[in-house]
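Only this structure's heavy atoms are used, side chains among them; waters, hydrogens and symmetry mates stay out.
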Amino acid sequence: MIYPIVAYGDPILRKPTRFIEKDEVDLKKLSEDMFETMHGANGVGLAAPQIGLNIRIFVVDATPFAERDEEDEDDEPDLSLADFKKTFINPEILEETGEEWAFEEGCLSIPGIRGDVYRPETLRIRYRDLDWNEHEETYSGMAARIIQHEYDHLLGKLFVDYLPTLKKQFIKKKLTDISKGNVDADYRMRFPSRR
């Protein structure tokens, strides 16, 4: 099932999520639906608040980054991204290390806006998989960045929060337009209710 993506301005995107109990939801079905929704919008990550759920889960699929690398003959394909497709349940980032580096990020909830965000190079994360097994793993580079971006959604943070003040002022009208439903997206969106 493809969910509409929750647009910027909806309060759920600013609300910290809660941990999931083991048999609270059908995690396999929810994960499948989240991947289907994300792929339908050409995303590489999707967090539960982006489909209107206040629970601590996100999915990632970095395959498009690996494919892009292969098309650019100067770049060696990043094989670590080729099979980086996972569901993270009740994740907790334990540590972030390394030099901060910039990359132009975007977000399915904020279509048409992109900006350079600086994030630490490496992270260590603990999470549960779909079989409720606990893992503790370390990721670096683009994989870490995708996780950090989606993890922020679970804390009620968005990539635009990291942008410099001048850039925030520049995009303010666009953000307001998105929250009012005045935006073109190639996927279905859910806009904040107008009161």
Side-chain angles (χ1 to χ4, degrees), residues 2-18 33-62 64-65 68 81 88 91-93 96-123 125 139 141-195:
I2 295 182
Y3 286 87
I5 306 279
V6 173
Y8 178 88
D10 191 304
I12 196 159
L13 294 178
R14 292 302 191 176
K15 191 174 177 185
T17 54
R18 62 178 183 75
D33 289 347
M34 288 178 74
F35 275 114
E36 189 177 357
T37 301
M38 179 186 74
H39 289 141
N42 293 313
V44 294
L46 185 71
Q50 292 181 278
I51 58 168
L53 300 175
N54 184 33
I55 54 177
R56 210 167 172 91
I57 179 173
F58 64 81
V59 299
V60 299
D61 183 356
F65 282 110
R68 252 181 256 152
L81 296 177
F88 291 81
E92 293 177 273
I93 290 182
E96 292 178 303
T97 56
E99 203 169 310
E100 291 197 351
W101 60 290
F103 185 81
E104 189 181 60
E105 294 188 19
C107 179
L108 296 177
S109 293
I110 312 173
I113 295 178
R114 300 186 69 77
D116 280 346
V117 175
Y118 285 83
R119 296 188 187 272
E121 187 177 3
T122 302
L123 65 81
I125 189 168
Y139 293 94
M142 190 56 72
R145 176 170 295 275
I146 295 167
I147 290 170
Q148 288 160 328
H149 179 107
E150 298 310 322
Y151 187 82
D152 275 352
H153 276 296
L154 304 184
L155 305 177
K157 291 172 76 175
L158 300 170
F159 88 92
V160 292
D161 299 343
Y162 293 95
L163 300 179
T165 306
L166 191 62
K167 173 81 173 178
K168 285 181 186 171
Q169 290 171 345
F170 180 70
I171 63 171
K172 191 174 182 181
K173 183 184 180 324
K174 287 182 182 178
L175 291 173
T176 302
D177 284 347
I178 291 169
S179 70
K180 291 179 178 177
N182 301 328
V183 66
D184 284 328
D186 296 338
Y187 45 89
R188 213 162 44 106
M189 295 193 75
R190 185 184 102 188
F191 298 98
S193 56
R194 294 172 187 85
R195 290 188 172 88

**Study point:** CG-CG distance between Asp152 and Leu13, expressed to the nearest 0.5 angstrom
**Key:**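 The CG atom of Asp152 sits 12.5 Å away from the CG atom of Leu13.
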
Review point. Roughly how far apart are Tyr162 OH and Asp116 CG, rounded to 0.5 Å?
Key: 14.5 Å

Which heavy atom of [X] sits nearest a heavy atom of [Y], and at what distance?
| X | Y | answer |
| --- | --- | --- |
| Met38 | Val60 | CE-C, 4.3 Å |
| Ile57 | Met34 | O-CE, 4.0 Å |
| Asn54 | Pro16 | OD1-O, 3.1 Å |
| Pro111 | Asp184 | CB-O, 4.4 Å |

Is the backbone of [Y] close enough, under 3.5 Å, to the side chain of [X] for a donor and an acceptor to pair up by distance?
| X | Y | result |
| --- | --- | --- |
| Tyr187 | Leu108 | yes |
| Asp10 | Ala7 | no |
| Arg114 | Glu104 | yes |
| Thr37 | Tyr3 | yes |
| Gln50 | Ile5 | no |

Is there side-chain contact between [X] and [Y], with at least one heavy-atom pair below 4.5 Å?
| X | Y | value |
| --- | --- | --- |
| Phe159 | Ile110 | yes |
| Val160 | Lys174 | no |
| Asp33 | Ile51 | no |
| Pro120 | Thr97 | no |
| Ile146 | Tyr139 | no |
| Tyr8 | Ile113 | no |

Review point. Would you call the rings of Phe88 and Phe58 parallel, tilted or perpendicular if under 30° counts as parallel and over 60° as perpendicular?
Key: parallel

Exercise for review: Could you label the plane-to-plane angle of the His149 and His153 rings as parallel, tilted or perpendicular, counting under 30° as parallel and over 60° as perpendicular?
Suggested key: perpendicular

Review point. Is Lys168 atom NZ crowded by more than 12 heavy atoms from other residues, nucleotides or ligands, each under 6.0 Å away?
Key: yes

Review point. Do Glu105 and Arg145 meet the salt-bridge criterion of a basic N to acidic O distance under 4.0 Å?
Key: yes

Exercise for review: Can you spot which of Lys157, Glu96, Arg119 makes a side chain to side chain donor-acceptor pair (under 3.5 Å) with Gln148?
Suggested key: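 Checked Lys157, Glu96, Arg119 against Gln148; only one passes side chain to side chain donor-acceptor pair (under 3.5 Å): Glu96.
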
